[in-house]
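Here is the structure we will look at.
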Number of protein chains: 2
Amino acid sequence: MAVEPSTSERLLTTAADLFRRKGYAQATTRELSDALGIRKASLYHHISTKEDLLYAISMHSLARIAEAAEAAAAQAPAEERLRAVIRAHVVSALGERDMQMVTAIELRALSPERRREVIAERDRYQALVRRLIAADQQAGRLRGDIDSKLLTLSLLNLLNWTIFWFDPDDELSPEQLGETLAAVFVEGATGRA
Amino acid sequence: MAVEPSTSERLLTTAADLFRRKGYAQATTRELSDALGIRKASLYHHISTKEDLLYAISMHSLARIAEAAEAAAAQAPAEERLRAVIRAHVVSALGERDMQMVTAIELRALSPERRREVIAERDRYQALVRRLIAADQQAGRLRGDIDSKLLTLSLLNLLNWTIFWFDPDDELSPEQLGETLAAVFVEGATGRA
DNA sequence: GTCTATATTGTGATAGAC
DNA sequence: GTCTATCACAATATAGAC
């Protein structure tokens, strides 16, 4: 006998799906309550404001990737660490595309204080990746002629847009895409590494 | 004696600045008219709907990059063509960051028909880049073990997010950033090309 | 090409019963 | 935890004078 997920359990994923499709500001609380099968007023038993949902989605998204990356980094030997983190990042991001897309796009809709919090969380992850890259540079595994900050931003560019075009119906799995993006970043489009 | 730009000439850039800061849906016609120094109703002498502005911004942004890239491709010899296009893309995108950011983020706010038009324009540019990459693969200048479509999407990931973190006050110029991103894409983070 | 004034609609959120 | 009913306000867009 399947246990039906409660309203509060469905709240974040349902909101993320709606926000991704319509945009946060264009999505109405009415549409959200309809999707949940409850009345609009009943939403406010679970949240205080619509913005609570965006904030929760954003913090959850960032934590999810950071945790996956940290776990991957802890397990892998130094020589494989960056590639393992790239794969973990891609796989965890693609596993929750709605939330990740909303987080990537709707930052401006948050209040200044919450926006600051989300940015701090994002920067924390960026710093983690930068440390990995700098370590690889010092070990001679990555080129030293480009600043680690710029390499980090390049890598995150590469990884963060994939959620917008990855097609789960494609033959390419998230794991394979992660592997490919790792190859593109590390070896380049030339590929003579 | 400086000629003051007319309201209609300032319309797109002013709207782009506003949409970037607040988001399209959150930005009000009132804020836009205030920024232009006219009354809200006067806007409707220039446009029919607020969406007209977003559509115009999006089409302009895509055309600007495509034109810059096409010009660069036409001028450069085959061996330098891809790098030249990357530089042209980055420089032209960073030269109009407000419009490019709005275009990248607000696609969903367009009506279905206009959204389709904008996507078609974007796909047209993507096809152009893919032809360049495929040609380099066939000439042996780029690796052949990764599909040209995936290499193209990787490259556009790399280029399209830069507008969100490029800092014009940095010591790094758009030209230098373009050069660096070209190096990262072609040679990779390892850099032994 | 800009103005004042207003129509019209839809929004996020609340009060209070069950 | 969900409901009915409603508030208070802000939004896009229009009418018509100057």
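Just so it is clear, the structure is predicted and the values come from calculations on it, not from any experiment. A note on names: the letters A, B, ... follow the listed sequences, proteins ahead of strands, and every chain is numbered from 1.
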Plane angle bin for B:Phe164 and A:Trp161 - parallel if under 30°, tilted between 30 and 60°, otherwise perpendicular: perpendicular
Relative to the ring of A:Tyr125, is the ring of A:His89 parallel (under 30°), tilted (30 to 60°) or perpendicular (over 60°)? tilted
When you compare the side chains of A:Ser92 and A:Arg64, does any donor N or O come within less than 3.5 Å of an acceptor on the partner? no
Please report the distance, rounded to the nearest Å, between [atom1] in [X] and [atom2] in [N].
{"X": "A:His46", "N": "C:dA13", "atom1": "NE2", "atom2": "P", "value": "15 Å"}
{"X": "B:Glu4", "N": "C:dG1", "atom1": "CD", "atom2": "C1'", "value": "17 Å"}
{"X": "B:Leu43", "N": "C:dT2", "atom1": "CG", "atom2": "P", "value": "9 Å"}
{"X": "B:Tyr24", "N": "D:dT12", "atom1": "OH", "atom2": "C1'", "value": "10 Å"}
{"X": "A:Glu51", "N": "C:dA13", "atom1": "CD", "atom2": "C1'", "value": "14 Å"}
{"X": "A:Gln26", "N": "D:dA10", "atom1": "CD", "atom2": "C1'", "value": "16 Å"}

Cationic N near anionic O, under 4.0 Å, B:Glu117 to B:Arg114: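 So B:Glu117 does not pair with B:Arg114 through a salt bridge.
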So, B:Asp147 and B:Lys149, do they make that salt bridge, N to O below 4.0 Å? no
At less than 4.0 Å, is any side-chain N or O atom of A:Ser6 found next to OP1 or OP2 of D:dG1? Yes or no.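 Checking A:Ser6 against D:dG1: no side-chain N or O falls below 4.0 Å of OP1 or OP2.
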Does B:Tyr44 place a side-chain N or O at less than 4.0 Å from the phosphate oxygens OP1/OP2 of D:dT14? no
Would you indicate which nucleotide in [options] comes nearest to any side-chain atom of [X]?
{"X": "A:Ala41", "options": "C:dC3, C:dA13, D:dA5", "answer": "D:dA5"}
{"X": "B:His45", "options": "D:dT2, C:dT2, D:dT12", "answer": "C:dT2"}
{"X": "A:Thr7", "options": "D:dA13, D:dT2, C:dA13", "answer": "D:dT2"}

Has B:Lys50 got its NZ or CZ under 6.0 Å from the middle of the six-membered ring of B:Tyr24, at an angle within 45 degrees of the ring axis?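 Because its charged atom sits under 6.0 Å from the ring centre and within 45° of the axis, B:Lys50 does stack over B:Tyr24.
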Look at all strands and tell whether B:Thr49 reaches a base, only sugar-phosphate, or nothing, counting heavy atoms closer than 4.0 Å. sugar-phosphate
Touch check for B:Ala25, heavy atoms < 4.0 angstrom, all strands: base, sugar-phosphate only, or nothing?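 Nothing, no heavy atom under 4.0 Å.
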Atom CG of B:Leu43 and atom CD1 of B:Ile38: how far apart are they, to the nearest 0.5 Å?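 Interatomic distance, B:Leu43 CG to B:Ile38 CD1, rounded to 0.5 Å: 4.5 Å.
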Counting only heavy atoms and a strict 4.0 angstrom limit, can you tell me which residues of residues 28-40 of chain B come near DNA chain D?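 Those residues whose heavy atoms fall under 4.0 Å from DNA chain D, taken from residues 28-40 of chain B in numerical order, are B:Thr28, B:Thr29, B:Lys40.
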